[in-house]
> 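My questions will all concern the structure given below.
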Amino acid sequence: MDGVEVTAEDFNAKLDVSLKAWKDQGKKGIWIKLPCELLSLVDVAIKKGFTYHHAENEYVMLTSWISDLPSTIPANASHRIGIGALVLNKNREVLVVQEIDGVFKGTGLWKLPTGVSCFMVQRNNRCIKAVESRLGSDFKRPFPFSRQEQMTGCVSCFMQISLRSREQKFRKVIL
């Protein structure tokens, strides 16, 4: 449907034919990804039994389970990956920071440097770059400290890495 104007009537007719063919072929789960310029067709799909699965800035994803078997369409896949860094200097001092925004802003709480990363970005490099950009320091290659993944409906991961700072002394840092 790229670059072609699709009317609701055409979409409705094609969807009827497609749903019958898919059912005859033994298909179970049907996914329709509609770009924003075709959002006027969502109502047609909803009337055919489709439901919203998820949406992004560029599209909406609809699904329909057309089998008599129990649905195996997964829940919306979303994730949030937090990264925390244990940073030690040569004196075995631990770097702690205070937030200038976020949950702990203004509480006076000192904590390990943390942040949120996009899953597709290599996690260790992302964390190192975040710490370096805020501290103006460079670090030796990280060595693994621990990795923890907790699933709570959606994927929610927190990875901890350990970094060795080349700095002799940490200065007061507020992130």
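Just so it is clear, the structure is predicted and the values come from calculations on it, not from any experiment.
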> With side-chain hydrogen bond (donor to acceptor under 3.5 Å, both in side chains) as the rule and sequence neighbours excluded, what pairs involving residues 39-50 come up?
Asn12-Lys48, Asp16-Lys48, Asp43-Lys47
> Please list, chain by chain and in numerical order, all residues satisfying side-chain contact (heavy atoms from CB on, under 4.5 Å) with Lys20, sequence neighbours excluded.
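With sequence neighbours excluded, Lys20 shows a side-chain contact (heavy atoms from CB on, under 4.5 Å) to Asp24, given in chain and number order.
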> For Pro74, is there any backbone N or O sitting under 3.5 Å from a side-chain donor or acceptor partner on His53?
yes
> Would you mind reporting whether Ile32 and Leu15 have side-chain heavy atoms less than 4.5 Å apart?
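Leu15 vs Ile32: side chains touch.
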> Say you draw a straight line from NE2 of His54 to CG of Leu62; how long is it, rounded to the nearest 0.5 Å?
10.0 Å
> What closest approach, in Å, do Gln98 and Leu109 show between heavy atoms, and which atom pair accounts for it?
CG-O, 3.3 Å
> Count I, L, V, M, F, W, Y as connected when their side-chain heavy atoms are under 4.5 Å apart, and connections chain through other members. Are Phe50 and Tyr52 then in the same cluster?
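Yes; tracing contacts between hydrophobic side chains, which count when under 4.5 Å, links both residues.
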> Could you tell me whether the side chain of Leu38 reaches within less than 4.5 Å of the side chain of Val60, counting heavy atoms only?
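A side-chain contact is absent here, since even the closest heavy-atom pair is not under 4.5 Å.
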> Determine the minimum heavy-atom distance between Gly49 and Ser64, stating which atoms define it.
O-OG, 3.7 Å
> When hydrophobic residues are tied together by side-chain contacts of less than 4.5 Å, even through go-betweens, does Ile66 share a cluster with Ile46?
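As far as the 4.5 Å side-chain criterion goes, Ile46 and Ile66 are connected within one cluster.
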> Do Trp65 and Leu19 sit in the same hydrophobic cluster, where Ile, Leu, Val, Met, Phe, Trp and Tyr count as joined when their side-chain heavy atoms come under 4.5 Å apart?
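No; Leu19 is not reachable from Trp65 via cluster members.
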> Answer yes if Val6 and Met61 sit in the same cluster of Ile, Leu, Val, Met, Phe, Trp and Tyr residues linked by side chain heavy atoms under 4.5 Å apart, and no otherwise.
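Result: no, two separate clusters.
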> Do you know which two heavy atoms are closest between Leu39 and Leu34, and how far apart they sit?
CD2-O, 4.2 Å
> Taking all non-hydrogen atoms of both residues, which atom of Cys36 and which atom of Tyr59 are closest, and how far apart?
SG-N, 3.9 Å
